[in-house]
Amino acid sequence: GCTRGCRFCQAGMIYRPVRERAPESLLALCDQSVSATGYEDLSLLSLSTGDYGCIVPLMSRLMSGCGAENVAVSLPSLRAGTLTPELMKLIRTVRKTGFTIAPEAGSQRLRDVINKNISEAEIITTVKDAFDLGWRVIKLYFMIGLPTETAEDLKALVELVKALRQIKPRDGRRGKINVSVATFIPKPHTPFQWAPQLSLAESEERLKRVKDELQLSGVQIKWQNPKVSWLEGVWARGDRKLSRLLISAYHKGCRFDGWSDRFRYDLWEEALAEEGLDPDFYTVRPRDVCEPLPWDPIDTRVTKTFLAAEWQNATEGAFTADCRVDDCNQCGVCDFEQIEPLTHGVLKGNDAGQNRSHGRQPAAFKKLAVFYSKLDGARYFGHLELVNIFQRALKRAGIAVRFSQGFHPKPKISFDDPLPVGIESRQERFIITVPDTTRPRDVKAALNDQLPAGLEILDCQLAAKKAPAAPGKRVRYRVSLQEALFDKARLNAFRESPDFYITLTPRKGKLKKIDLKDIVVNSELPDPRHLEMTLRTEPGKTVRPFDVLRHIFELSDEQVKQARIMKLNSGIEKENI
């Protein structure tokens, strides 16, 4: 797994969460593998090997054993900045293997779009360190056709390669730069699954422009055939209709298409035409986030809401932090009961790009949604008193809550709409920010041991990212009268009236005139002592059940105070993570 959150990377989404093997297990596996195979190369593989928390001590131990046996240790494509001089020195004690980094895009603007949070300075520094430590060949991966790419971004790609080409190692011998370029192919289950792919003509034109400008000494450029990328794009986001295409192309002789000498683009065109399929429908067509997608039934646990939010962040060039060193990003994978990150070390604070963008100390936190009931005698707790009760219960339970910064730090705990004194509720909610290691089930058990009668924690789960404000929510109530009776004639009169305006006196501001017909969605009288009603709440139009009792049924203040009002739902459902 990987927590970097690159928006183009399918593996980085579907292989979540991060699960690190213990370094002792890795060392044992390496010893057994080398002994059993006699191989002279050993590779540490993962989606983001440089982020492994124990990478330096692990490499140090590996080098001490591999050096004597002349076994080279290699790492896959690494993020600029994670392959430090310390790590490079460890690797070169045996033999300098290939060195690859993947900037993906040439400009900082485009790297921000794809959430590849590395700077040009970091790339240059990493390449310079590699050359200084004896590497002679550096391989770079780039993509063309990333969302929002412009001519300026392509120019920045060329300029970056030229800048790296000018780096001279300490011995004066200029290194070699191998550049690999491929057309970006949007993948399912990623934030870019809605993005259009470059057309074949545009892909060929942009690739030719880059190739022409990189005809330089010391630079070798390789690229993927744009026609292959175009076909991969069709299959990447295809639907069931492509099954007929596959059979048709097979009968025409399309086999071993990955081999350039066997690839027959013309036969694929014929098969598409015969099956009546438009390839542009799968490739260059932009998709709406509300459009049903063929792969929606496949559950990777990363929610579509999270992917859509990241797609929006991409269009704005907004940065999403690594959840190892910042708050949980609420992607939906972890429930922190059975599924959660497993690490054996802490990322060092050497990610200059991340520090530049976020400026926080490396500390992992997450937000938990705590659902509770407030019944019987607890209904007489006011909101501020309730806040104090929960804050003190959290302390007694030993649950660490994150505090705000500044001169007056406050615990990060937020409640939904305050419940008035005298109203019971079967489900309310508050949000707390806690260390990433805090388990929701532990919060529930520990808090219930500390709460007074009438307050009970019903559930605790990972909180969802704040959704856009809804136009309104509906809350159901049941009202029971002790002495008085409900007048059905008054309720019927209310139902039949075209409008029913009341005037409320808020604590601050001017008097508010509200039409109860807009607020009371439905109301029923099962019997003369019981009323069930649903109220719509909107910003600036909040009406309490007390107001309904006073104005529709003309109950006295004393009768209203004696009524038992139960809030049956909060209008906020638990998250299905």
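- Side-chain atoms of Ile123 and Pro103, non-hydrogen and from C-beta on, do get closer than 4.5 Å to each other.
- Take Arg262 and apply the side-chain hydrogen bond (donor to acceptor under 3.5 Å, both in side chains) test, not counting sequence neighbours, and it matches no residue.
- Contact between Pro17 and Glu340 at its shortest, heavy atoms only, is CG-O, 3.7 Å.
- Applying the ring-ring contact (aromatic ring centres under 6.0 Å, His included) criterion to Tyr15, with sequence neighbours excluded, gives no partner residue.
- Annotation: side chain of Pro341 is not in contact with side chain of Arg19 (no heavy-atom distance under 4.5 Å).
- Scanning all heavy atoms of the two residues, the minimum distance from Gly50 to Ile55 falls at O-CG2, 4.1 Å.
- Residues Val370 and Ile431 fail the side-chain proximity criterion, which asks for heavy atoms closer than 4.5 Å.
- A cation-pi arrangement, defined by a distance under 6.0 Å to the six-membered ring centre and an angle within 45 degrees of its axis, is present between Arg255 and Tyr250.
- In this structure, Arg237 is not positioned above the aromatic face of Tyr282 in the sense of NZ or CZ being under 6.0 Å from the six-membered ring centre and within 45° of the axis.
- For the atom pair Leu44 CG and Arg21 CZ, the distance stands at 11.0 Å (nearest 0.5 Å).
- Atom CG of Leu198 and atom CD of Glu204 lie 11.0 Å apart (nearest 0.5 Å).
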*Walk me through it: do Asp327 and Lys366 pass the test salt bridge (charged side-chain N to carboxylate O under 4.0 Å, His left out)?*
CA-CA 5 Å; Asp327 291 346; Lys366 64 171 177 275; over 6 Å; no

_Please determine whether side chain to side chain contact (heavy atoms under 4.5 Å, CB included) holds for the pair Trp268 and Cys254, giving the CA-CA distance in whole Å, both sets of side-chain angles, and the decisive distance to 0.1 Å._
CA-CA 7 Å; Trp268 281 104; Cys254 293; 3.6 Å; yes

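- Considering all non-hydrogen atoms of both residues, Ile177 and Val161 come closest at CG2-CG1, 4.4 Å.
- A donor-acceptor pair shorter than 3.5 Å can be found between the side chains of Glu310 and Thr320.
- Put simply, CG on Leu42 and SG on Cys30 are 4.5 Å apart, with the number rounded to the nearest 0.5 Å.
- Between Trp194 and Pro286, every side-chain heavy-atom pair lies at or beyond the 4.5 Å cut-off.
- Contact annotation: the side chain of Cys328 approaches that of Leu462 to within less than 4.5 Å [non-hydrogen atoms, C-beta and beyond].
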Can you give me every donor-acceptor pair (side chain of residues 147-154, partner residue at least two apart or in another chain, under 3.5 Å) with its distance?
residue: Thr148; atom: OG1; partner: Arg109; partner atom: NH1; Å: 3.1
residue: Thr148; atom: OG1; partner: Arg109; partner atom: NH2; Å: 3.3
residue: Glu149; atom: OE1; partner: Gly145; partner atom: N; Å: 2.8
residue: Glu149; atom: OE1; partner: Arg206; partner atom: NH1; Å: 2.6
residue: Glu149; atom: OE2; partner: Gly145; partner atom: N; Å: 3.2
residue: Thr150; atom: OG1; partner: Glu152; partner atom: N; Å: 3.3
residue: Thr150; atom: OG1; partner: Asp153; partner atom: N; Å: 3.4
residue: Thr150; atom: OG1; partner: Asp153; partner atom: OD2; Å: 3.1
residue: Asp153; atom: OD1; partner: Ser107; partner atom: OG; Å: 2.6
residue: Asp153; atom: OD2; partner: Arg109; partner atom: NH2; Å: 2.6
residue: Asp153; atom: OD2; partner: Thr150; partner atom: N; Å: 2.8

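- In this structure, Lys187 has no side-chain hydrogen bond (donor to acceptor under 3.5 Å, both in side chains) partners at least two apart in sequence or on a different chain.
- In this view, Lys128 and Asp132 satisfy the side-chain hydrogen bond (donor to acceptor under 3.5 Å, both in side chains) rule, not counting sequence neighbours.
- Between Asp326 and Ala321, the shortest heavy-atom distance links the atoms CB-CB, 3.6 Å.
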*Just do the side chain to side chain contact (heavy atoms under 4.5 Å, CB included) check on Glu205 and Lys208 with the steps written out, would you?*
CA-CA 5 Å; Glu205 191 278 327; Lys208 182 178 184 303; 5.9 Å; no

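- Arg16 pairs by the side-chain hydrogen bond (donor to acceptor under 3.5 Å, both in side chains) definition with nothing, not counting sequence neighbours.
- Gly317 approaches Asp112 most closely through the heavy-atom pair O-CB, 4.0 Å.
- Proximity of a side-chain donor or acceptor of Glu122 to a complementary backbone N or O of Ser119 within less than 3.5 Å is detected.
- Between Ile114 and Cys6, the closest side-chain pair of non-hydrogen atoms is not below 4.5 Å.
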*Report the C-alpha distance between Lys155 and Glu213 in whole Å, list the side-chain angles of each, state the deciding distance to 0.1 Å, and finish with yes or no for salt bridge (charged side-chain N to carboxylate O under 4.0 Å, His left out).*
CA-CA 9 Å; Lys155 182 179 179 182; Glu213 296 192 32; over 6 Å; no

_For a side-chain hydrogen bond (donor to acceptor under 3.5 Å, both in side chains) check, start with the C-alpha distance between Thr3 and Asp322, then their side-chain angles and the critical distance, and finish with the verdict._
CA-CA 5 Å; Thr3 58; Asp322 187 329; 2.4 Å; yes

*Please lay out, stage by stage, how Glu104 and Arg111 fare under the test salt bridge (charged side-chain N to carboxylate O under 4.0 Å, His left out).*
CA-CA 7 Å; Glu104 312 293 358; Arg111 285 193 292 271; over 6 Å; no

*Under the salt bridge (charged side-chain N to carboxylate O under 4.0 Å, His left out) criterion, do Glu20 and Arg324 qualify, and how do the steps go?*
CA-CA 12 Å; Glu20 292 185 349; Arg324 283 211 219 182; 2.9 Å; yes

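- Tested against Phe184, the residues Trp230, Phe8, Phe192, Tyr141 include a single ring-ring contact (aromatic ring centres under 6.0 Å, His included) partner, Phe192.
- Between Ile432 and Leu394, the closest side-chain pair of non-hydrogen atoms falls below 4.5 Å.
- Between the SG atom in Cys334 and the CG atom in Asp436 there is a gap of 7.5 Å [rounded to 0.5 Å].
- Here the straight-line distance linking atom CD1 of Ile144 with atom CZ of Arg209 works out to 9.0 Å at 0.5 Å rounding.
- Between Phe256 and Trp259, the gap from one ring centroid to the other is short of 6.0 Å.
- Side-chain N or O atoms of Thr49 include none that pairs as donor or acceptor with a backbone N or O of Leu45 at under 3.5 Å.
- Defined by atom type and a distance below 3.5 Å, a donor-acceptor pair is missing between the side-chain atoms of Glu337 and Gln461.
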*Can Ile101 and Leu140 be said to form a side chain to side chain contact (heavy atoms under 4.5 Å, CB included), step by step?*
CA-CA 5 Å; Ile101 59 175; Leu140 304 173; 3.3 Å; yes

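- Within a 6.0 Å sphere centred on NZ of Lys304, other residues, nucleotides and ligands contribute more than 12 heavy atoms.
- Arg7 CZ to Leu307 CG: the interatomic distance, rounded to the nearest 0.5 Å, is 11.5 Å.
- Around the NZ atom of Lys168, the shell of radius 6.0 Å holds no more than 12 heavy atoms that belong to other residues, nucleotides or ligands.
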*Please step through side chain to side chain contact (heavy atoms under 4.5 Å, CB included) for the pair Lys412 and Phe403, ending with a clear verdict.*
CA-CA 6 Å; Lys412 292 202 168 186; Phe403 276 71; 6.0 Å; no

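- In this structure the side chain of Pro186 never reaches within 4.5 angstrom of the side chain of Gln193, judged on heavy atoms.
- For Thr183 against Ser203, the heavy-atom pair with the smallest separation is OG1-OG, 2.7 Å.
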